[in-house]
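Here is the structure we will look at.
Only heavy atoms go into these numbers, but all of them, side chains included; no hydrogens, no water, no symmetry mates. Note that the numbering runs from 1 along the sequence shown for the chain.
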Amino acid sequence: MRKAQGYNRWTTRPSHGVKRRRRMHVAFQLFVLGIPIVLVITLAFFQLHNRLERLLDQEKSNQYKNISEQCASLLSLQLQHDRQHLVSLAASLSSHAQSEVDAVLSALADPEISYQIGTDGTAPFYVQEGMVIFQEPFSFADGTRALLQQRTPAVAYQKQIECPTTQVHTTMIWADERGSIIWKFTNDELVESGQDSLGSLVPSWQAGSDKSTHILGNGWYVSIHSLGGDYGYFFLEREDTLLRRAYLTILQSSLSIAILVMLILLVLLFFLIYRDHMYEKSLMRLAFEDELTGLPNKNHFVHEASQLLLRSRSSYAVIVIDIGKFKLINNQFGYTFGDTLLMYIAKILPRFTTQDGVCARLSGDKFILLCSYRERKVLEKRIAALYHELKRFTFPHASPFQLDILIGISLIEDGRTSIDAAIDCALFALSSLKGKQSSGWSYYDLALKEQLLEESELEKVFTNALKDGQFFIMLQPKYSLSSTHLVGAEALVRWNHPTKGLVPPTEFINLLETHNLLVTLDMYVLEQVCKLLTRWKSEQKPLLPISVNQSRSHLFSSNYERTLVNLVDLYGIDHNLMEFELTESLFTHDIKHLSHVMENLRKHGFLVSLDDFGSGYSSLTMLKDVTIDVIKLDQGFLKGADDHQRGKVVVEHIISMAKSLGITTVAEGVETLEQVQMLTALGCDVVQGFYFSQPLSIANYEALLIDDRPRSFS
Ligand code: C2E
Ligand code: MG
Ligand code: MG
């Protein structure tokens, strides 16, 4: 299926191209707005991360400083304590003979305590081969100087300064005062050194450093403490897993919050873009879719149809569908029902639209289709099927009302006709039907074009004809059957056309009505009648009522009755000399309004008659709702030999019913003596027809008026 750009066929869904463009647009918006959000949040997260790390370093540094000081004090105390024992022992051995000293030491049975004669140690302890060696000088009784020594494994001190509660990992390094590392513990293992120096491990270390804290980085911290003497620098390396865990927890939760915020913002962004998109969509709908039926509107149709015509090589038909008397349907059944009817049609049309076509609601009660076709026959079949399908619509309450469907068709066979021109032609074809037939279809062709052109000139021609006095009235006498006297006349309009000659009303009434010109003509006829009656009054001629025909267009004018009263009063005519004939068949479905108008006219003293009574659907039922003075029986009752008997029965009933309601009955179109006899037998009041007289010129009717003798009808 070939698709035009924009919306698809009768649906309002956008075509793939539009969908893809929209999706791209939304994606682009998301990208353009989403990326900055992600960037800002990521940046904020890294800022937080750095800040946290700095805080963590600071905190670690503080904690480490405290712990390292604690450890250093602990170690110093322990060293002092251990040495104190040696100092006391040296004091107690001092001034004793060497043999006594040997005896005491062997009694102690401590292999780690010994003495060296003559050695004059300076340091209170020193470190050698993983051992801390304390020393204290003393003298034997003979004055010989000796050095009491106690050896303690250095690893014992390492154990003591481990701080399990703070989870500090400690490495103890012994170094001399020059910073040369003698040994160190790594993973509880003693590593003899001698080459490394504290300076290489801790660049900021300087000889003679006492307590200082250095941060080495990578989460490792070093604290160097002098333990006194030539030896005893040590440092701690630590990683506070508790703090690190806290840091990680904060970091993780910050990351989760950042992701959450990011997601919320993205969802919000998506929502805003979606809302924007929906808004745009609803605008598109307003611009392209008919709100009630969901069908594309005229703009959309024109757009899509022109695209189709541009791309396709097939022949196309533009089909305009109009609902007859839609205004009446709305008035009679209500607007909701009118809407239902429109939706019913909207539902049917897509089924009759070709794949490469489009259908739409053109305006109020008009729909339009663009259908491709190969053979005219097939197209005609399609139109006939559509027409019959539409006609299947049923009215509520078993109403006999039938849906009138008018269809105008124009063909695009050359591929050059624009869609606007084709729509105009289809509308022309449609308007050619109006006033001529209530249902059916018509194709636009050249003959029609000429006719329509002529009609389009109608208003100008009509106005000039009125001015030139081309319209005049003839009067057809009415006789009383019982008295055989003249009882009045009906004014019938004629057009004395300069080229066509005398044109009967049947040839122009409907045309004028279609072009809203009939009301003007009716008022013209009424004025002619008023002038005539005024003249007769002044000439003291007998005055009998004259009836004038009124078109249905009057009923739609709000001040109709007032206009009539004003005109008749202008000429000072007695209201009971004026009779207004309204055709009942045209108002079958607006009886309420019709009866209201008739009631008002009667209140003003005018005579009111129902013309062509019996031609409509609900003639008899109307009688109970509408109060009228006269019924003019439809000519059809008297015509047709076959139905003669049936017609007679109906006329008989109408007359008897009218009599009981006090309504005068007029039979028009009486042509034969047989009809006269039948009407007499049935008790009809008044007759009008060629049998008695053709419509007469005014002069001829005046002669009848003056010569008012009883007539013989046989
Ligand atoms: P209508 O009001 O029913 O008028 C009666 C029609 O029957 C007249 O046709 C009249 O000439 C014709 N007629 C009278 N006697 C006979 C008969 O024995 N046999 C036959 N076959 N016909 C007879 P006309 O003058 O051609 O008018 C036709 C219709 O045009 C009228 O029908 C009326 O509806 C309408 N019309 C005429 N003048 C006016 C007017 O001034 N205003 C409006 N709105 N309609 C008018
Ligand atoms: Mg009439
Ligand atoms: Mg009539």
Side-chain angles (χ1 to χ4, degrees), residues 67-164 170-185 188-194 198 208-211 223-236:
I67 293 166
S68 65
E69 274 168 16
Q70 275 173 28
C71 287
S73 316
L74 199 71
L75 189 60
S76 300
L77 276 172
Q78 190 63 45
L79 285 167
Q80 272 170 31
H81 173 265
D82 289 354
R83 190 165 172 281
Q84 198 54 45
H85 172 68
L86 192 74
V87 170
S88 316
L89 188 63
S92 64
L93 293 178
S94 192
S95 308
H96 285 280
Q98 190 176 1
S99 57
E100 285 171 351
V101 169
D102 288 339
V104 171
L105 289 182
S106 66
L108 280 176
D110 186 347
E112 301 303 335
I113 298 177
S114 60
Y115 66 86
Q116 285 180 7
I117 302 234
T119 311
D120 204 5
T122 48
F125 63 86
Y126 66 94
V127 182
Q128 195 176 47
E129 291 170 356
M131 299 296 272
V132 177
I133 300 156
F134 297 100
Q135 51 189 14
E136 181 64 26
F138 70 98
S139 311
F140 290 110
D142 56 3
T144 313
R145 298 211 39 96
L147 200 58
L148 189 66
Q149 287 182 323
Q150 183 178 354
R151 294 157 63 89
T152 309
V155 74
Y157 297 104
Q158 163 74 18
K159 287 270 185 275
Q160 275 181 6
I161 62 169
E162 292 285 355
C163 302
T170 313
T171 297
M172 189 164 66
I173 296 181
W174 289 88
D176 60 21
E177 81 283 7
R178 288 182 309 280
S180 301
I181 295 172
I182 301 157
W183 46 253
K184 64 178 174 185
F185 288 100
D188 280 352
E189 259 184 55
L190 182 69
V191 180
E192 291 286 350
S193 184
L198 278 179
S209 289
D210 187 6
K211 272 194 220 165
S223 180
I224 304 165
H225 291 267
S226 165
L227 296 174
D230 293 343
Y231 302 99
Y233 287 99
F234 84 98
F235 75 75
L236 299 166

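- None of L93, I117, D142, T144 except one satisfies the side chain to side chain contact (heavy atoms under 4.5 Å, CB included) rule with Q98; the exception is I117.
- Scanning both residues, A109 and P111, for their nearest heavy atoms gives O-CD, 3.5 Å.
- Side-chain contact between L105 and L89 is present, with heavy atoms from C-beta onward closer than 4.5 Å.
- Here the CD1 atom belonging to I113 is positioned 11.5 Å from the CD atom belonging to Q149, to the nearest 0.5 angstrom.
- Nearest approach of A141 to S95, heavy atoms of both residues: CB-O, 3.4 Å.
- Taking OG1 of T152 as the start and CE of M131 as the end, the distance is 7.0 Å to the nearest 0.5 Å.
- Put simply, the residue from R83, E112, R151 that forms a side chain to side chain contact (heavy atoms under 4.5 Å, CB included) with F134 is R83.
- Between the side chains of D82 and Q78, at least one donor N or O lies within less than 3.5 Å of an accepting N or O.
- Between the CG atom of L147 and the CG atom of L86 there is a distance of 8.5 Å, given to the nearest 0.5 Å.
- Sorted by first then second residue, the ring-ring contact (aromatic ring centres under 6.0 Å, His included) pairs that include residues 73-117, not counting sequence neighbours, are Y115-F140.
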